[in-house]
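A quick write-up on the structure given underneath.
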Amino acid sequence: METVRAKKSHNRHGLVLKFQEVPSAGLDYVLSNTTGELNTVLFDVMGDFPVYNAEIKVEPNEAMVQVKGDLSAELRLTCSRCAEEFNSKFNKKFVTAFYKSEKSLKDFSWDADDLNGSFDLEFLEGETIDLGEVIHEQVALEIPFKALCEEACLGLCSQCGTNLNTATCACKPVEIKIEAKKS
């Protein structure tokens, strides 16, 4: 398989392949924040200085193109309890199969080893596959709905705003009274 160092181009993400032009031997990509091919693409989910490494294999499979990836990255998140920023690392494997027709989906077969991570099937709109969009989606899926710096985070004092993980405050506990409704 041919290893490709991704080149920046003038399209939106710089990593757009034509479906019909993927060589039968496939393509390998090695992408990282150091080489910078995806820094602009990942800005909205990873900020100014993204940290990532991605090894991507693009393989044609009959009337389909499979994008197999091994992605490791570090997200900069804000804790939903204490509002402190923290780093969260992740590693994931994924496969995205692009197909142009329902017939190609019926003929599709895969190795069970490919399913050790995220697996997506997508109808291809147009003639191109944007690897930047594929990787962006995989990173975005790793952003938690409710980010926690640690499971036991104590959060902020509701009265004075002190971060209870790093200090104690003199506030008196607030009593919550729940009255039973009489019928």
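Computation of the quantities below employed the complete heavy-atom set of this structure, encompassing side-chain atoms and omitting hydrogens, waters and symmetry-equivalent molecules.
Inter-residue side-chain proximity for Ser80 and Leu148 is flagged as met; some heavy-atom pair is nearer than 4.5 Å. Residues Leu156 and Arg81 form no side-chain contact, since every pair of their non-hydrogen atoms from C-beta on lies 4.5 Å or further apart. Val58 is listed as a side-chain neighbour of Leu131, based on a closest heavy-atom distance under 4.5 Å. Taking the side chain as every heavy atom from C-beta outward, Tyr52 and Val139 never approach each other to under 4.5 Å. Between Phe94 and Val134 the shortest side-chain heavy-atom distance falls below 4.5 Å.
The heavy-atom pair separating Val22 from Pro60 by the smallest distance is CG1-CD, 3.8 Å. Taking every heavy atom of both residues into account, Asp44 and Val41 meet most closely at OD1-O, 3.5 Å. Closest non-hydrogen pair, Phe98 versus Phe19, comes out as O-CE1, 3.7 Å. Residue Cys149 comes nearest to Cys79 through the heavy atom pair N-SG, 3.4 Å, listed as atom of the first residue, atom of the second, then distance. Nearest heavy-atom pair across Asn33 and Pro50 is CB-O, 2.9 Å. A pairwise comparison of heavy atoms in Ser88 and Leu77 identifies CB-CD1, 3.8 Å as the closest pair.
Between the side chain of Asn53 and the main chain of Ser72, no donor-acceptor pair closer than 3.5 Å is present. Looking only at distances, no side-chain donor or acceptor of Thr128 sits under 3.5 Å from a matching main-chain atom of Lys18. Under the 3.5 Å distance criterion, the side-chain polar atoms of Gln159 are matched with a main-chain donor or acceptor of Lys172. A distance-only check finds no donor-acceptor pair linking the side chain of Thr162 to the backbone of Leu164 [under 3.5 Å].
Taking CG of Leu31 as the start and CG of Leu71 as the end, the distance is 9.5 Å to the nearest 0.5 Å. With values rounded to the nearest 0.5 angstrom, Glu137 atom CD is found 6.5 Å from Thr96 atom OG1. Atom-to-atom distance recorded for Ser24:OG and Glu59:CD is 11.5 Å, nearest 0.5 angstrom. Atoms CG and CD, from Asn91 and Glu142 in turn, are 9.5 Å apart once rounded to the nearest 0.5 Å. The CG atom of Leu17 sits 6.0 Å away from atom CD1 of Ile129, with the distance rounded to the nearest 0.5 Å. Asn165 contributes atom CG, which lies 4.5 Å from atom CG of Leu154 (distance to the nearest 0.5 angstrom).
Remark: Glu85 pairs with Arg76 by the salt bridge (charged side-chain N to carboxylate O under 4.0 Å, His left out) rule, at least two apart or across chains.
By the criterion of side-chain heavy atoms lying less than 4.5 angstrom apart, applied directly or through intervening Ile, Leu, Val, Met, Phe, Trp or Tyr residues, Val51 is not grouped with Tyr29; the two fall into different hydrophobic clusters. Hydrophobic clustering (ILVMFWY, side-chain heavy atoms < 4.5 Å, transitive): Leu15 and Phe43 are in distinct clusters. The hydrophobic cluster containing Leu75 also contains Val45, counting ILVMFWY residues as joined when their side-chain heavy atoms lie under 4.5 angstrom apart, directly or transitively.
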Glu84 and Phe86: CA distance, side-chain angles, deciding distance, side-chain contact (heavy atoms from CB on, under 4.5 Å) verdict
CA-CA 7 Å; Glu84 294 290 326; Phe86 67 99; over 6 Å; no

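No side-chain donor-acceptor contact under 3.5 Å links Asp130 and His136.
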